[in-house]
K.L.:
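Mind looking over this structure? Questions follow.
Atoms considered below: every heavy atom in the structure, side chains included; atoms not considered: hydrogens, waters and symmetry mates. Chain identifiers are assigned alphabetically (A, B, ...) following the order of the sequence lines, protein sequences preceding nucleic acid strands; residue numbering begins at 1 within each chain. The shown structure was predicted, so the numbers you read here are calculated from the model rather than taken from an experiment.
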Amino acid sequence: MSEKIYITTAIPYVNGVPHVGHAMDYLLADVCGRYYESIGDTVRIQAGTDEHGNKIFQKAKELGLPTQEYVDKNAKKFQDFISRLGVEYTDFVRTTDPKHEKRVQEIWTRMKDYIYLSKYEGWYCTGCERFITDKEYEENNGVCPDHQKSYEKLVEENYYFRISDFKERIRKAILSREMLILPEFREKEILRLLDESPDVSISRPREQLTWGVPVPGDDTQVMYVWIDALSNYITVLGYPEKDISDFWPACAQFVGKDILRFHAIIWPAMLLALGLPLPKTLVSHGMVLSNGQKMSKSIGNVIDPIEVLDKHGTDAFRYFFLRHIDTFADSDYTSEKFEDAYNNELANDLGNLVQRLATMCSKNNFMFDDEPAIVFPDEYSELMNEFKFKEAFDFVWTKVQAANKKIDDKKPWILAKENRLDELDEVLTELVLDLKVVSQMLLPFLPETANKIIEVFAGKIEPPKEPLFPKK
RNA sequence: CGUGGGGUAGAGCAGCCUGGUAGCUCGUUUGGCUCAUAACCAAAAGGUCAGUGGUUCAAAUCCACUCCCCACAACCA
């Protein structure tokens with residue numbers, strides 16, 4: 001019955017600091033992983049960092065740091081951030097790791113039948129040393145605003161990956177749900193994009209891109225992001241020298257909706273070229289908005305996740321982002337919503353429930369002779385299996401509220417006063433059992449809190465010395 | 001005519017696929033309780049379900065058109 005489960009997160013580009021948005025990938029993967037662990041599966045969760053490319057090279061130069069030193073520093077920041085979220089990963093991959101680089105080159109070689117050399121022609125700015133899009137060209141009337149120079153038509157050679165060879169196969173995999181795309185409504189979008197997807201350029205001349213993995217067998221070319229970054233999901237497992245069939249195909253790959261297309265088109269094409277199975281599920285989550293808008297430095301509405309974590313703690317952060325930020329759609333973050341959720345739901349509903357029930361048990365010397373077995377309600381399991389974490393979390397909360405209601409209905413304090421001890425014992429048994437189930441269901445979402453609750457109601461019951469969530 | 005998503009009580013959302021008394025959470029008002037972190041429970045107020053037309057005995061739900069918002073359009077989570 002026990003299965004081997006592999007879960008992946010997107011690897012962020014490390015030219016900046018960790019962002020609230022990055023947290024979504026990690027949290028969703030962590031919840032998923034902890035859930036499967038709780039039902040007895042063996043779980044591997046990958047995380048990592050994308051560290052090649054010009055932007056990083058330039059940023060390091062600006063800061064006067066050796067490039068490797070710069071990415072080392074930033075990779076560390078992301079690792080620290082993930083730990084602060086209470087997320088437990090088993091594998092961490094960095095694209096500048098020589099092992100990854102060597103594996104990527106081997107992957108390239110194995111894909112060779114589907115790679116060809118071709119010319120790219122476009123507008124180029126000699127000042128910026130980069131190609132610009134047609135749209136940009138039009139907006140700037142053909143003159144670079146930074147350098148006051150006219151754009152030039154330039155032709156360069158790139159290697160291309162022949163995606164067209166795999167389109168039909170990918171389409172079939174999507175339609176047959178062999179590779180399930182969640183949420184469902186994104187499927188249509190991807191199928192449409194699949195039709196239009198041209199072959200993808202996967203290398204750049206060395207003069208243009210120095211910080212990257214060299215193309216095997218061609219000193220003049222360096223790999224562009226796709227092959228290098230997307231491969232991380234399997235190089236981290238040891239592919240190609242190791243047999244990865246224990247954990248691959250992945251049970252779920254979590255990505256932001258903005259990069260779903262690459263994971264649903266280029267990535268499957270790569271896997272097919274390598275003769276590997278496709279991931280079972282691609283879960284694309286929405287973006288976190290700040291006061292109704294996309295976060296952006298120019299608007300100045302960027303939320304610093306570290307600040308929120310410092311102020312409210314890991315579980316409160318997890319609570320808000322897992323329950324009030326929709327798993328699939330964009331959702332708005334405001335500090336008022338966060339405070340409301342914290343005070344009303346964590347402190348009042350859950351924290352207070354634990355407190356009042358534990359106090360009653362303690363006063364009446366209630367405890368279980370034998371620890372009862374915990375069974376998850378079907379509804380919860382179904383939602384978790386469908387990656388509907390927010391809804392599963394909502395379901396848990398209905399149980400929290402039901403427990404509060406049950407206390408009010410049954411009025412255990414009256415039973416105690418009137419010395420109706422059998423009835424009291426029955427009510428407390430029921431309530432404590434309810435709460436034990438709640439704490440187990442809560443484990444993937446709020447591991448720290450869930451463990452505290454489990455501890456409170458194990459053996460001799462005493463209320464927690466410190467409130468679980470002190471009101472603020 | 002780019003593609004996709006959305007417009008439902010003050011706010012945030014569910015319901016729409018599989019038509020049949022409009023539901024949840026927060027907020028507001030009132031009442032109850034006292035075990036508890038002045039927490040908890042209950043009740044009430046509050047909606048012409050963006051608009052127009054169509055199909056139907058019946059439409060938030062299906063169809064057509066219109067208006068408005070958002071995201072994406074080769075890497076800015």
K.L.:
Please give the distance between the P atoms of B:rC41 and B:rC33 as a whole number of Å.
P.N.:
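Rounded to whole Å, the distance is 16 Å.
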K.L.:
With sequence neighbours excluded, tell me which residues meet side-chain contact (heavy atoms from CB on, under 4.5 Å) with A:Val437.
P.N.:
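With sequence neighbours excluded, A:Val437 shows a side-chain contact (heavy atoms from CB on, under 4.5 Å) to A:Ile374, A:Pro377, A:Met441, given in chain and number order.
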K.L.:
Listing request: all salt bridge (Lys or Arg N to Asp or Glu O under 4.0 Å) pairs with a residue in residues 15-29 of chain A, at least two apart in sequence or in separate chains.
P.N.:
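Sorted pair list comes back empty.
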K.L.:
In whole angstrom, give the distance that lies between atom CD of A:Glu184 and atom P of B:rG5.
P.N.:
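Checked: the CD to P distance equals 12 Å.
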K.L.:
Checking all strands, does A:Asp199 fall into the base, sugar-phosphate, or nothing category for heavy-atom contacts under 4.0 angstrom?
P.N.:
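Touches a base.
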K.L.:
Write down the distance between OH (A:Tyr333) and P (B:rA77), rounded to a whole number of angstrom.
P.N.:
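In whole Å, B:rA77 P and A:Tyr333 OH are 18 Å from each other.
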K.L.:
Rounded to whole angstrom units, what separation is found between the CG atom of A:Asn343 and the C1' atom of B:rC40?
P.N.:
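The answer, rounded to whole Å, is 15 Å.
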K.L.:
At under 4.0 Å between heavy atoms, what does A:Gly21 touch on the DNA or RNA strands: base, sugar-phosphate, or nothing?
P.N.:
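Result for A:Gly21 = base.
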K.L.:
Taking distance alone, no hydrogens or angles, what donor-acceptor pairs closer than 3.5 Å link side-chain atoms of residues 79-88 of chain A to residues at least two apart or in another chain?
P.N.:
{"unit_1": "A:Asp80", "atom_1": "OD1", "unit_2": "A:Lys76", "atom_2": "NZ", "d": "3.3"}
{"unit_1": "A:Asp80", "atom_1": "OD2", "unit_2": "A:Lys76", "atom_2": "NZ", "d": "3.1"}
{"unit_1": "A:Ser83", "atom_1": "OG", "unit_2": "A:Gln79", "atom_2": "O", "d": "3.1"}
{"unit_1": "A:Arg84", "atom_1": "NH1", "unit_2": "A:Asp310", "atom_2": "OD1", "d": "3.1"}
{"unit_1": "A:Arg84", "atom_1": "NH2", "unit_2": "A:Asp310", "atom_2": "OD1", "d": "3.1"}

K.L.:
Taking only residues two or more places apart in sequence or in another chain, which ones pass ring pair (Phe, Tyr, Trp, His ring centres under 6.0 Å) with A:Trp108?
P.N.:
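Here the qualifying residues are A:Tyr159.
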K.L.:
Among the candidates B:rA74, B:rA77, B:rU3, find the nucleotide nearest to the side-chain atoms of A:Asp258.
P.N.:
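From the listed options, B:rA77 comes nearest.
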K.L.:
State which residues pass side-chain contact (heavy atoms from CB on, under 4.5 Å) with A:Pro205; sequence neighbours excluded, sorted by chain then number.
P.N.:
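Applying side-chain contact (heavy atoms from CB on, under 4.5 Å) to A:Pro205 gives A:Glu156, A:Asn158, A:Glu207, A:Gln208, A:Gln221.
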K.L.:
Contact class for A:Met287 (heavy atom, under 4.0 Å): base, sugar-phosphate, or nothing?
P.N.:
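Result for A:Met287 = base.
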K.L.:
Tell me, please, which residues at least two apart from A:Glu418 pass side-chain contact (heavy atoms from CB on, under 4.5 Å).
P.N.:
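side-chain contact (heavy atoms from CB on, under 4.5 Å) check on A:Glu418 returns A:Ile414, A:Arg420.
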K.L.:
Check every atom of B:rG4, B:rA77, B:rA74 against the side chain of A:Val200 and return the nucleotide holding the closest atom.
P.N.:
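Out of B:rG4, B:rA77, B:rA74, the nucleotide with an atom closest to A:Val200's side chain is B:rA74.
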K.L.:
Would you please indicate if the ring centroids of A:Phe317 and A:Phe338 are separated by under 6.0 Å?
P.N.:
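That pair fails the under 6.0 Å test.
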K.L.:
Contact class for A:Pro18 (heavy atom, under 4.0 Å): base, sugar-phosphate, or nothing?
P.N.:
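It contacts nothing in the nucleic acid.
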K.L.:
Which is more 5' along RNA chain B, the nucleotide nearest A:Arg192 or the one nearest A:Lys337? Just name the residue.
P.N.:
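Closer to the 5' end of RNA chain B: A:Arg192.
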K.L.:
Any base atoms under 4.0 Å from A:Lys257, or only sugar-phosphate, or nothing? Heavy atoms, all strands.
P.N.:
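Contact class for A:Lys257: sugar-phosphate only.
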K.L.:
Could you tell me whether A:Phe321 and A:Tyr319 have their ring centroids closer than 6.0 angstrom?
P.N.:
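No, the ring centres sit 6.0 Å or more apart.
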K.L.:
Can you give one letter per nucleotide of nucleotides 32-37 of chain B, 5' to 3': B if a protein heavy atom sits under 4.0 Å from the base, S if only from the sugar-phosphate, - if neither?
P.N.:
BSSBBB
K.L.:
Going by salt bridge (Lys or Arg N to Asp or Glu O under 4.0 Å), name the pairs with one or both residues in residues 347-367 of chain A, residues two or more places apart or in two chains.
P.N.:
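Of all non-adjacent pairs touching residues 347-367 of chain A, those that pass salt bridge (Lys or Arg N to Asp or Glu O under 4.0 Å) are A:Arg356-A:Asp408.
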K.L.:
Round to a whole Å and report the spacing from CG of A:Leu182 to P of B:rG5.
P.N.:
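One finds 16 Å between P of B:rG5 and CG of A:Leu182, rounded.
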K.L.:
Rounding to the closest angstrom, what is the interatomic distance between B:rU37 and B:rC76 at atom C1'?
P.N.:
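Those two atoms are separated by 43 Å.
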K.L.:
Going by side-chain hydrogen bond (donor to acceptor under 3.5 Å, both in side chains), name the residues that satisfy it together with A:Lys399, two or more places apart in sequence or in a different chain.
P.N.:
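For A:Lys399 there are no side-chain hydrogen bond (donor to acceptor under 3.5 Å, both in side chains) partners, ignoring immediate neighbours.
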K.L.:
Please compare A:Arg261 and A:Asp409 by the position of their nearest nucleotide in RNA chain B and report the one closer to 5'.
P.N.:
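Result: A:Asp409.
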K.L.:
For RNA chain B, report each stem as range with range, ordered by first number, or say none. Use Watson-Crick or G-U wobble pairs under 3.5 Å, at least 3 in a row.
P.N.:
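Result, WC/G-U stems under 3.5 Å: B:2-7 with B:67-72, B:10-13 with B:23-26, B:28-32 with B:40-44, B:50-54 with B:62-66.
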K.L.:
I'd like to know if A:Glu345 and A:Arg323 make a salt bridge, using a cut-off of under 4.0 Å between side-chain N and carboxylate O.
P.N.:
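The answer is yes: the pair qualifies as a salt bridge.
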K.L.:
Taking only the C1' atom of each, what is the distance from B:rG47 to B:rG7 in whole angstrom?
P.N.:
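That atom pair is separated by 14 Å.
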K.L.:
At a cut-off of 3.5 Å, list every protein nitrogen or oxygen paired with a nitrogen or oxygen from nucleotides 24-31 of chain B, distance to 0.1 Å.
P.N.:
{"unit_1": "B:rC26", "atom_1": "O3'", "unit_2": "A:Asn344", "atom_2": "ND2", "d": "3.1"}
{"unit_1": "B:rG27", "atom_1": "OP1", "unit_2": "A:Asn344", "atom_2": "OD1", "d": "3.4"}
{"unit_1": "B:rG27", "atom_1": "OP1", "unit_2": "A:Asn344", "atom_2": "ND2", "d": "3.4"}

K.L.:
Going by the rule ring pair (Phe, Tyr, Trp, His ring centres under 6.0 Å), which residues pair with A:Phe387 if we only count those two or more places apart in sequence or in a different chain?
P.N.:
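Here no residue qualifies.
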K.L.:
Which part of the nucleic acid, if any, lies within reach of A:Val255 when heavy atoms closer than 4.0 Å are counted: base, sugar-phosphate only, or nothing?
P.N.:
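No contact.
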